[in-house]
Amino acid sequence: QVQLVESGGGLVQAGGSLRLSCAASGLTFSRYAMGWFRQAPGKEREFAAAINWVGSITDYRDSVKGRFTISRDNAKNTVYLQMNSLKPEDTAVYYCAAARTVTITRIPSQYDYWGQGTQVTVSS
């Protein structure tokens, strides 16, 4: 049974930082591209960042470029999202997802497994 478990969310003031983690089990982690998505209240789920299976290629949505960094540790079956200079508009539930693809993707339907999400709230 595949499980993706996110952690590290919380309440932070604008300008602060958080580091999200996503621990994977039940799959060959190193064969999956990993992504972070987010969903704010009343809005659709949107792509935030992705990383390929060896960690050599990353992709970010424009609004988080320069502030967020995605990384992975295949030995620990874990993907991270370091979020700096947080803004109130970053407030959302953040989800990690795994895609059995060679290349990274921004398309949610191309991800095979999803975590349950972790809440990030940025106060102004």
Side-chain angles (χ1 to χ4, degrees):
Q1 180 182 0
V2 175
Q3 283 192 312
L4 302 177
V5 180
E6 301 99 333
S7 61
L11 173 63
V12 64
Q13 288 188 330
S17 298
L18 284 173
R19 188 194 195 202
L20 305 184
S21 299
C22 173
S25 60
L27 77 170
T28 305
F29 182 73
S30 60
R31 295 182 181 177
Y32 283 77
M34 299 297 295
W36 285 97
F37 291 77
R38 63 187 186 183
Q39 187 167 19
K43 296 187 177 181
E44 292 187 353
R45 189 172 299 189
E46 65 180 22
F47 167 81
I51 189 167
N52 72 335
W53 51 4
V54 297
S56 59
I57 301 172
T58 58
D59 184 28
Y60 302 91
R61 69 178 299 106
D62 286 347
S63 62
V64 309
K65 280 182 182 176
R67 300 188 298 121
F68 289 13
T69 302
I70 188 170
S71 63
R72 65 189 296 159
D73 185 338
N74 286 349
K76 295 182 178 180
N77 286 3
T78 301
V79 62
Y80 306 97
L81 187 66
Q82 177 67 44
M83 304 185 296
N84 299 328
S85 302
L86 283 161
K87 304 176 181 180
E89 50 265 41
D90 294 318
T91 294
V93 177
Y94 282 71
Y95 300 88
C96 73
R100 187 68 167 89
T101 62
V102 175
T103 59
I104 54 178
T105 176
R106 296 187 173 199
I107 303 173
S109 63
Q110 293 185 351
Y111 284 81
D112 301 290
Y113 304 105
W114 292 81
Q116 82 290 347
T118 186
Q119 177 70 47
V120 171
T121 303
V122 184
S123 62
S124 57

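What you see is a predicted model, and the numbers here were worked out from it, not measured in a lab.
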For residues 78-90, tabulate all N or O donor-acceptor pairs below 3.5 Å that involve a side-chain atom, not counting sequence neighbours.
| residue | atom | partner | partner atom | Å |
| --- | --- | --- | --- | --- |
| Thr78 | OG1 | Lys76 | O | 2.8 |
| Gln82 | NE2 | Asn84 | OD1 | 2.9 |
| Asn84 | OD1 | Ser17 | OG | 2.9 |
| Asp90 | OD1 | Arg38 | NH1 | 2.9 |
| Asp90 | OD1 | Arg67 | NH2 | 3.0 |
| Asp90 | OD2 | Arg67 | NH1 | 2.7 |
| Asp90 | OD2 | Arg67 | NH2 | 3.4 |
| Asp90 | OD2 | Lys87 | N | 2.8 |

Using links of under 4.5 Å between side-chain heavy atoms of ILVMFWY residues, direct or through other members, which residues join Ile57 in one cluster?
->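 In the cluster with Ile57 are Ile104.
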
Could you list who else is in Val5's hydrophobic cluster, with ILVMFWY side chains joined at under 4.5 Å, directly or through other members?
->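 None; Val5 is a cluster of one.
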
For the residue pair [X] and [Y], establish whether any side-chain heavy-atom pair is separated by less than 4.5 Å.
X     : Y      : answer
Thr58 : Thr69  : no
Phe37 : Pro108 : yes
Trp53 : Met34  : no

Identify the two heavy atoms, one from [X] and one from [Y], that lie closest to each other, and give their separation to 0.1 Å.
X      : Y      : value
Leu27  : Ala24  : CD2-CB, 3.6 Å
Thr105 : Ala99  : CG2-CB, 4.4 Å
Ala33  : Thr101 : CB-OG1, 3.8 Å
Trp36  : Ile70  : CD1-CD1, 3.5 Å
Glu46  : Arg61  : OE1-NH2, 3.5 Å
Ser71  : Ile51  : CA-CD1, 3.7 Å

Test side-chain contact (heavy atoms from CB on, under 4.5 Å) on Gln13 and Val122 and set out the steps.
-> CA-CA 5 Å; Gln13 288 188 330; Val122 184; over 6 Å; no

Got more than 12 heavy atoms from elsewhere within 6.0 Å of CZ, Arg31?
->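 No.
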
Spacing of Ser21 atom OG and Asp73 atom CG [to the nearest 0.5 Å] =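 The OG atom of Ser21 sits 10.5 Å away from the CG atom of Asp73.
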
From Tyr60 OH over to Lys65 NZ, what is the distance, rounded to the nearest 0.5 angstrom?
->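 Between atom OH of Tyr60 and atom NZ of Lys65 there are 10.5 Å.
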
Would you mind listing every side chain to side chain donor-acceptor pair (under 3.5 Å) that reaches into residues 111-124, with sequence neighbours excluded?
->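 Output for this query lists Glu6-Gln116, Gln119-Thr121.
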
Would you list the pairs meeting disulfide (SG to SG under 2.5 Å) in which at least one residue belongs to residues 23-83, sequence neighbours left out?
->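 Listed by first then second residue: nothing to list.
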
Just grab all the disulfide (SG to SG under 2.5 Å) pairs involving residues 83-124, residues at least two apart or on different chains.
->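 Qualifying pairs: Cys22-Cys96.
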
Hphob cluster co-occupancy, Phe68 + Tyr95, side-chain heavy atoms under 4.5 angstrom =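 Each belongs to a different hydrophobic cluster.
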
Might you work through the side-chain contact (heavy atoms from CB on, under 4.5 Å) test for Asn52 and Asp59, ending with a clear yes or no?
-> CA-CA 9 Å; Asn52 72 335; Asp59 184 28; over 6 Å; no

